[in-house]
Protein chains: 4
Amino acid sequence: MPRPSVEAERREQILRAACEVISEKGYKALRVTDVARHAKLSTGSVHYYFETKRDLVHAAFEWNFSRSLERRKSILDRHPNARDRLHAFVDSYLPRDDETAAAWRVWAETWVEALHDPDLRKLNERIYGEWRGIIAEIIRLGQAEGLITPGDPVLLANVLVSMIDGLAIQALVGSKHMTIGRMRSVCDHLLETMSAEPVQAAIG
Amino acid sequence: MPRPSVEAERREQILRAACEVISEKGYKALRVTDVARHAKLSTGSVHYYFETKRDLVHAAFEWNFSRSLERRKSILDRHPNARDRLHAFVDSYLPRDDETAAAWRVWAETWVEALHDPDLRKLNERIYGEWRGIIAEIIRLGQAEGLITPGDPVLLANVLVSMIDGLAIQALVGSKHMTIGRMRSVCDHLLETMSAEPVQAAIG
Amino acid sequence: MPRPSVEAERREQILRAACEVISEKGYKALRVTDVARHAKLSTGSVHYYFETKRDLVHAAFEWNFSRSLERRKSILDRHPNARDRLHAFVDSYLPRDDETAAAWRVWAETWVEALHDPDLRKLNERIYGEWRGIIAEIIRLGQAEGLITPGDPVLLANVLVSMIDGLAIQALVGSKHMTIGRMRSVCDHLLETMSAEPVQAAIG
Amino acid sequence: MPRPSVEAERREQILRAACEVISEKGYKALRVTDVARHAKLSTGSVHYYFETKRDLVHAAFEWNFSRSLERRKSILDRHPNARDRLHAFVDSYLPRDDETAAAWRVWAETWVEALHDPDLRKLNERIYGEWRGIIAEIIRLGQAEGLITPGDPVLLANVLVSMIDGLAIQALVGSKHMTIGRMRSVCDHLLETMSAEPVQAAIG
DNA sequence: GATGAATGAGGTTTCATTCAT
DNA sequence: AATGAATGAAACCTCATTCAT
């Protein structure tokens with residue numbers, strides 16, 4: 001009696017395994033065998049759910065992207081204040097724990113692969129755009145509350161988001177200079193720059 | 001009488017070819033045959049100068065990195081004023097022309113490969129550190145001249161450099177949102193933020 | 001329900017093929033393709049069972065050695081009398097039929113390869129030692145029965161075994177001088193030398 | 001001004017180098033580069049004197065064979081008595097010093113290569129035959145002097161020579177059982193067996 | 001005579017993919 | 001649904017050989 005859910009379950013099992021392997025060894029070095037081993041399945045089974053290696057890795061890229069976004073959205077819901085939300089959001093992107101670092105590594109692989117693959121460009125366009133939109137919206141709200149410096153919210157979102165990306169890459173690459181602590185300081189500095197003086201706001 | 005050695009010439013010829021291929025297809029898809037074809041040599045000749053494919057690509061990564069750094073240094077020499085230098089420097093990193101875009105793509109590949117390769121980590125540590133140091137020094141000079149906002153120059157350099165990295169990745173990935181024009185706007189905004197008030201400078 | 005594993009069967013199929021090729025062309029000229037063709041498999045399949053060419057050939061060397069030893073042991077069991085056993089044993093080593101000649105050629109390759117390979121030295125030590133031990137034991141028994149001349153049985157075994165090796169090499173190399181017939185004569189001469197005087201046996 | 005002797009000199013230099021490499025690594029693993037390095041020449045120079053690798057190795061095989069034979073002949077000249085000559089001869093074949101061991105290894109390679117190469121068969125036929133003839137002649141003389149047991153001298157030579165070959169192979173392969181000391185004991189035993197009782201000879 | 005840069009054919013090895021079970 | 005044995009295309013790499021200097 002085949003359970004209808006088994007397919008979805010197996011797919012997730014395989015995608016999770018694929019992300020683990022990509023994070024550990026990179027797409028270049030990933031072998032279908034590795035993914036099968038991580039998922040405790042055979043290569044045959046992996047191919048039963050994903051026609052080609054390319055399909056598998058693309059699905060894994062998407063899964064990783066979407067999953068991270070969901071996790072961030074749930075973090076935002078816990079903070080009503082715009083400035084707090086921004087801080088919490090930035091905080092959640094520091095590659096402190098293994099899970100976050102792994103997700104970052106998979107993103108980095110996605111971007112580099114997207115340099116040569118139109119399908120992945122679209123994926124990035126969609127998910128990265130959504131991310132940027134969320135940040136811009138928070139900034140907009142913060143500006144309305146007088147907590148954040150005025151200026152084009154999308155431009156400010158771009159400043160913030162790309163800086164985080166750049167910092168994270170250096171942190172992940174293991175630069176001794178760019179520790180998690182220093183990454184946080186740099187982020188905090190930028191967030192301060194973007195804060196409006198609450199006193200002045202009150203006076204004005 | 002030893003013939004003038006062609007070694008240096010051939011090595012550069014091959015490294016240039018390797019960077020072209022990495023930029024076009026990525027490390028993952030690079031075949032030694034491709035490099036040989038680009039360099040108008042046989043695969044045997046490529047292996048005559050580089051023992052393994054890995055050696056070849058690592059040397060290409062280093063060549064690309066160092067070469068870009070040299071090019072930037074020469075740009076700096078043309079601008080005496082610190083704020084101009086900073087602008088010129090940032091400007092030179094916009095992936096406008098093919099050459100700059102190609103160099104960026106190779107960096108991106110270097111970073112992602114460095115996630116799994118200690119040797120490349122060291123390479124990044126060295127060259128990226130030098131780059132960051134140069135920016136920090138310009139900022140320090142700018143501060144001394146009263147043209148740049150006070151604050152830890154290294155921290156400010158990190159803000160600037162990582163933001164450029166993050167923006168460039170999105171621009172290179174071909175995000176419709178992140179065009180060269182928008183990248184420039186975002187950079188200009190940050191540079192403005194980092195400028196000291198000219199009024200104060202006049203007073204001082 | 002696990003399918004009956006074909007592994008043992010395939011491995012033997014491949015080892016037999018490898019020995020055929022080694023015997024025909026020598027290790028130096030052996031290509032994995034040849035072995036695959038002889039085994040009616042693809043090169044991929046050969047590598048499915050043996051990681052490297054070296055592993056394959058070493059396994060073949062061992063298989064050849066052990067197999068010959070087993071065959072000899074079964075021959076011995078048919079002869080109760082020590083002197084008969086010795087004769088039968090020696091007889092079974094004349095490279096008359098193709099199978100025996102092939103086995104000899106593979107041994108010769110093993111020895112020469114062992115000159116440069118510690119793993120094969122160990123293999124030779126083990127199997128050759130066992131062989132020498134068996135002969136020494138027969139000699140010991142023959143001495144107890146008064147059929148074989150006295151003296152250190154191991155030393156006598158060494159005389160016999162190494163002479164057979166040396167003769168076989170010349171016979172296999174195709175020396176016109178060292179035919180199978182002459183090889184047999186030389187062996188018989190030595191065996192006679194090693195026989196105890198029948199007169200004494202008559203007296204006793 | 002080309003010296004006429006330079007060619008002969010270079011050829012010997014290269015052949016000696018080839019034998020060194022064969023002895024160290026075996027024919028299978030020999031690369032022309034290795035020979036060139038040992039001879040302190042370039043690969044181009046090696047090919048200037050030997051058209052192909054095969055030519056080079058065959059010439060080296062022949063050089064090694066002939067050279068050893070010459071060395072043995074000069075040893076014989078020092079011993080007038082047949083039994084002494086036999087002992088001296090056998091003694092000179094124990095692979096004690098590096099030079100003798102190296103020559104043995106090259107012979108072993110020659111034989112194994114000869115299994116698949118008619119030209120080398122002829123070489124072996126010629127040189128090995130000469131060697132066997134020399135031993136047979138000594139035995140004949142010894143028999144005439146009443147120092148050696150009667151019987152077909154060629155057959156006795158075969159017994160002796162093949163036993164030495166077989167022992168040497170095991171000694172060279174590095175068998176812990178077959179040390180130089182034990183090899184000598186076995187040889188001495190056989191030579192004793194082949195000795196005629198001097199007393200009886202005197203009486204007869 | 002001598003060199004060593006350059007070649008390219010040929011071999012081993014890897015691994016995504018297939019398919020009978 | 002799942003397996004894993006088998007495949008073969010494709011890639012890296014080696015190295016004898018050539019040839020301009």
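In this text the structure is predicted, and so the values were computed from the model without any measurement. Chain naming here is simple, since letters A, B, ... match the order of the sequence lines and numbering starts at 1 in each.
Whole-Å rounding puts the C:Glu9 CD to F:dA6 C1' distance at 14 Å. Counting to the nearest Å, the C1' atom of E:dT3 and the CZ atom of D:Arg10 are 13 Å from each other.
Using a 4.5 Å heavy-atom threshold, the side chains of A:Val57 and A:Phe50 count as separate. Looking only at side-chain heavy atoms (C-beta outward), D:Leu115 and C:Leu172 come within less than 4.5 Å of each other. Using a 4.5 Å heavy-atom threshold, the side chains of A:Asn124 and A:Thr110 count as separate. Within the 4.5 Å cutoff, the side chain of D:Val112 has no heavy atoms near those of the C:Tyr27 side chain.
In secondary-structure terms, DNA chain F builds stems of at least 3 consecutive Watson-Crick or G-U pairs, each pair having both distances under 3.5 Å, at E:2-21 with F:2-21.
Open room surrounds NZ on A:Lys122; 12 or fewer heavy atoms of other groups in view lie less than 6.0 Å from it.
Less than 4.0 Å separates DNA chain F from at least one heavy atom of each of the following residues of residues 17-43 of chain C: C:Leu41, C:Ser42. Listed in residue order, the members of residues 47-57 of chain D having a heavy atom less than 4.0 Å from DNA chain E are D:Tyr48, D:Tyr49.
Using a 30° and 60° split on the angle between ring planes, D:Trp104 and D:Trp107 fall in the perpendicular class, above 60°.
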Side-chain donor-acceptor pairs of residues 36-43 of chain A under 3.5 Å, sequence neighbours excluded:
from	atom 1	to	atom 2	distance (Å)
A:His38	ND1	A:Glu20	OE1	2.7
A:Ser42	OG	A:Ser45	N	3.2
A:Ser42	OG	A:Ser45	OG	3.1

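Residue pairs meeting the salt bridge (Lys or Arg N to Asp or Glu O under 4.0 Å) criterion with at least one partner in residues 104-113 of chain B, sequence neighbours excluded, are A:Lys28-B:Glu113.
With D:Ser68 contributing its side chain and D:Asn64 its backbone, the two residues share a donor-acceptor pair below 3.5 Å.
Listed by chain and residue number, A:Arg54, A:Asp117, A:Asp119, A:Leu120 satisfy the side-chain contact (heavy atoms from CB on, under 4.5 Å) test with A:His58 (two or more places apart in sequence, or in another chain).
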